[in-house]
Amino acid sequence: MTAVADLMDYDEVLERFDPVLGLEVHVELNTNTKMFCGCANLFGGEPNTHVCPTCLGLPGSLPVVNGKAVESAIRIGLALNCEIAPWCRFARKNYFYPDMPKNFQTSQYDEPIAFNGYLDVTLDDGEVVRVEIERAHMEEDTGKSLHVGGATGRIHGAEHSLLDYNRAGVPLIEIVTKPITGTGARAPEVARAYVSALRDLLLALGVSDVRMDQGSLRCDANVSLMTKDATEFGTRTETKNVNSLRSVERAVRYEMTRQAAVLADGGKVTQETRHFQEADGTTSPGRTKETAEDYRYFPEPDLVPIAPPAEWVGQLRGTLPEMPAARRQRIQTEWGLTAEELRDLFNSGAVDRVEATVAAGAKPGDARGWWINFLAQEANSREVELTALPITPGQVARVIELVSTGELTNKLAREVVKGVLAGEGEPDEVVEKRGLKVVSDDSALLAAVDEALAAQPDIADKIRGGKVQAAGAIVGSVMKATKGQADAKRVRELILERVGQG
Ligand code: ADP
Ligand code: MG
Ligand code: ZN
């Protein structure tokens with residue numbers, strides 16, 4: 001065995017090898033009930049409170065397929081550009097594990113409900129990589145074990161284990177890519193971007209809450225290396241427990257540098273599952289991988305085949321929302337954004353709000369500016385999500401309108417937004433109550449201008465003498481005198497008029 005810490009420098013890995021990836025993503029559906037019984041499908045809860053004879057695998061109990069889960073599976077398949085099987089079955093995947101009370105998992109094997117699709121993934125610099133999808137199949141989640149008394153939380157060294165079957169039988173869709181080749185140095189980034197794009201897609205479909213931190217979206221990353229002259233794929237490892245986007249990227253990169261060191265040393269990569277350690281970004285061996293024969297798959301005799309009528313599939317196709325990649329493309333073109341601006345917009349989490357603000361009449365640039373700058377800061381200082389701020393896109397659009405008509409300056413507009421956030425009412429009410437309207441009455445402004453000119457006669461003389469840039473100081477005084485409620489541009493015009501330079 002090679003020492004765990006033997007890693008090859010990343011650049012050298014790329015000179016000598018080509019990485020091949022395979023990503024398996026499990027997503028828990030947000031149906032009301034479990035896959036094959038009527039138990040509530042809820043995260044957490046008192047252990048073993050969402051259970052019944054069926055999801056506990058008690059003898060004599062019989063499963064019934066959750067129609068809503070099949071619907072979600074088909075919609076996911078369609079969104080991933082897959083073919084939908086006109087007829088398919090569930091299969092029993094036999095294995096013994098304490099969190100699998102039936103001693104088999106009801107899954108799909110060689111008859112997945114969806115197959116042969118693709119997902120276009122946009123990388124940070126705007127490059128698009130097409131990831132081919134092998135299949136998306138339906139299955140059920142397992143229960144959870146809690147190993148107590150050991151140092152690591154693993155079964156080794158534990159004093160006893162506790163089992164919670166609340167999650168047993170929760171509907172899962174497993175989405176498996178075809179081998180992803182040709183990504184070279186960008187393999188880790190492609191892996192992260194794929195999971196991220198898939199997460200956005202599932203969110204847009206509304207089929208799951210896709211919380212990687214709660215395990216409702218989980219990714220296993222298969223990685224292997226090929227030497228430059230190889231004609232066949234190398235042996236892969238499958239890293240489990242990768243529960244954040246960043247970890248997906250780190251795990252792939254780590255495996256590339258680890259496997260390269262093993263191979264360069266004349267060793268062989270063992271086909272095995274590995275565990276990812278968040279703490280140091282390494283992977284460690286799990287179990288050597290079972291083969292299909294080990295699972296003794298056979299068609300599930302207790303469930304009827306799934307045969308979705310073509311009309312139903314057609315109807316479901318009609319329910320697909322605008323896909324995230326298409327939406328990005330559309331927004332970028334419509335609003336004329338650079339790749340970087342687009343990325344910032346999407347990273348801000350405010351896209352929906354910005355779009356709604358534009359729909360309410362604001363210019364895209366103004367709407368973006370308010371949400372990703374001022375309002376993002378407000379959300380940050382209140383430690384809430386941007387979307388939880390108590391202001392609507394319509395209200396933001398109104399503030400923007402008041403600025404564009406000259407009724408508010410930017411500074412006053414920020415005051416108005418603060419007022420709305422403080423619950424003082426609609427923007428117009430806040431303007432009224434706080435007395436924030438721009439002083440647009442020329443006679444009031446002129447009085448302030450005259451006062452400022454009289455107070456600073458030497459500056460007034462300079463302007464008179466042609467140094468018009470000196471007007472800035474007078475503008476400042478007038479703004480101060482009017483508590484920032486004057487339109488600086490108009491003030492400047494009036495000053496120049498007054499000294500005969502207008
Ligand atoms: P398993 O039952 O072992 O989980 P799956 O077929 O469900 O196997 O998933 C294996 C994943 O690994 C797929 O995404 C597949 O495309 C990918 N894959 C297969 N062979 C290789 C390889 N040599 N290197 C990297 N990925 C691979
Ligand atoms: Mg698999
Ligand atoms: Zn149940």
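Just follow the structure's listing: the first ligand is 1, and inside any ligand the first atom is 1.
- The proximity of D220 to ligand 1, defined as any non-hydrogen pair under 4.0 Å, does not occur for either the backbone or the side chain.
- No side-chain donor-acceptor contact under 3.5 Å links E28 and S216.
- Qualifying salt bridge (charged side-chain N to carboxylate O under 4.0 Å, His left out) partners for R328, counting only residues two or more places apart in sequence or in other chains: none.
- Using modelled atom types, one finds a donor on one side chain and an acceptor on the other under 3.5 Å when comparing N222 with R236.
- Under 4.0 Å from ligand 1, not a single heavy atom of M226 appears.
- When each atom of ligand 1 is checked for a heavy atom of R135 under 4.0 Å away, the hits are 6 (O), 7 (O).
- Under 4.0 Å is where a charged nitrogen must lie from a carboxylate oxygen, and between R327 and D200 no such pair does.
- Proximity of T235 to ligand 1, defined as any heavy-atom pair under 4.0 Å, is not found for any part of the residue.
- E278 and S247 share a donor-acceptor pair across their side chains, judged by distance under 3.5 Å alone.
- E255 and T283 are linked by a side-chain donor-acceptor pair at a separation below 3.5 angstrom, with hydrogens and angles left out of the test.
- Of the charged side-chain nitrogens involved, at least one lies within less than 4.0 Å of a carboxylate oxygen, so that E272 and R274 count as a salt-bridged pair.
- Remark: distances from the non-hydrogen atoms of E255 to ligand 1 are all 4.0 Å or more.
- Of the polar atoms of P179, at least one N or O is found under 3.5 Å from an N or O of ligand 1, judged by distance alone.
- Only the side chain of E238 comes within contact range of ligand 1, with a heavy atom under 4.0 Å; no backbone atom does.
- Note on the Zn ion (ligand 3): protein N, O or S atoms under 2.8 Å away count 4, no waters included.
- Not a single N or O atom of E134, backbone or side chain, sits closer than 3.5 Å to an N or O atom of ligand 1.
- For T33 and N66, the side-chain atoms include at least one donor-acceptor pair closer than 3.5 Å.
- One finds no salt bridge joining E134 and K178 here, because no Lys/Arg side-chain nitrogen approaches an Asp/Glu carboxylate oxygen to under 4.0 Å.
- Near V176, with a cut-off below 4.0 Å to any heavy atom, the atoms of ligand 1 are 9 (O), 13 (C), 14 (O).
- Residue T177 approaches ligand 1 through these ligand atoms, each under 4.0 Å from one of its heavy atoms: 13 (C), 14 (O), 15 (C), 16 (O).
- The ring-ring contact (aromatic ring centres under 6.0 Å, His included) check on W371 picks up nothing, with sequence neighbours excluded.
- Which parts of ligand 1 touch G234 is read off a 4.0 Å heavy-atom cut-off, strictly below it: atoms 23 (N).
- A search for side chain to side chain contact (heavy atoms under 4.5 Å, CB included) contacts involving F374 returns W370, E378, R414, V417, K418, not counting sequence neighbours.
- R16 and T227 share no side-chain donor-acceptor pair at under 3.5 Å.
- In the model, T282 has a side-chain atom that pairs as donor or acceptor with a side-chain atom of Q277 under 3.5 Å.
- Distances from atom 18 (N) of ligand 1 to the heavy atoms of E232, E24, R236 show the closest one on R236.
- Interface atoms of ligand 1 facing K178, defined by a heavy-atom separation under 4.0 Å, are 16 (O).
- Annotation for ligand 1: atoms under 4.0 Å from non-hydrogen atoms of G22 are 12 (O), 14 (O), 17 (C), 26 (N).
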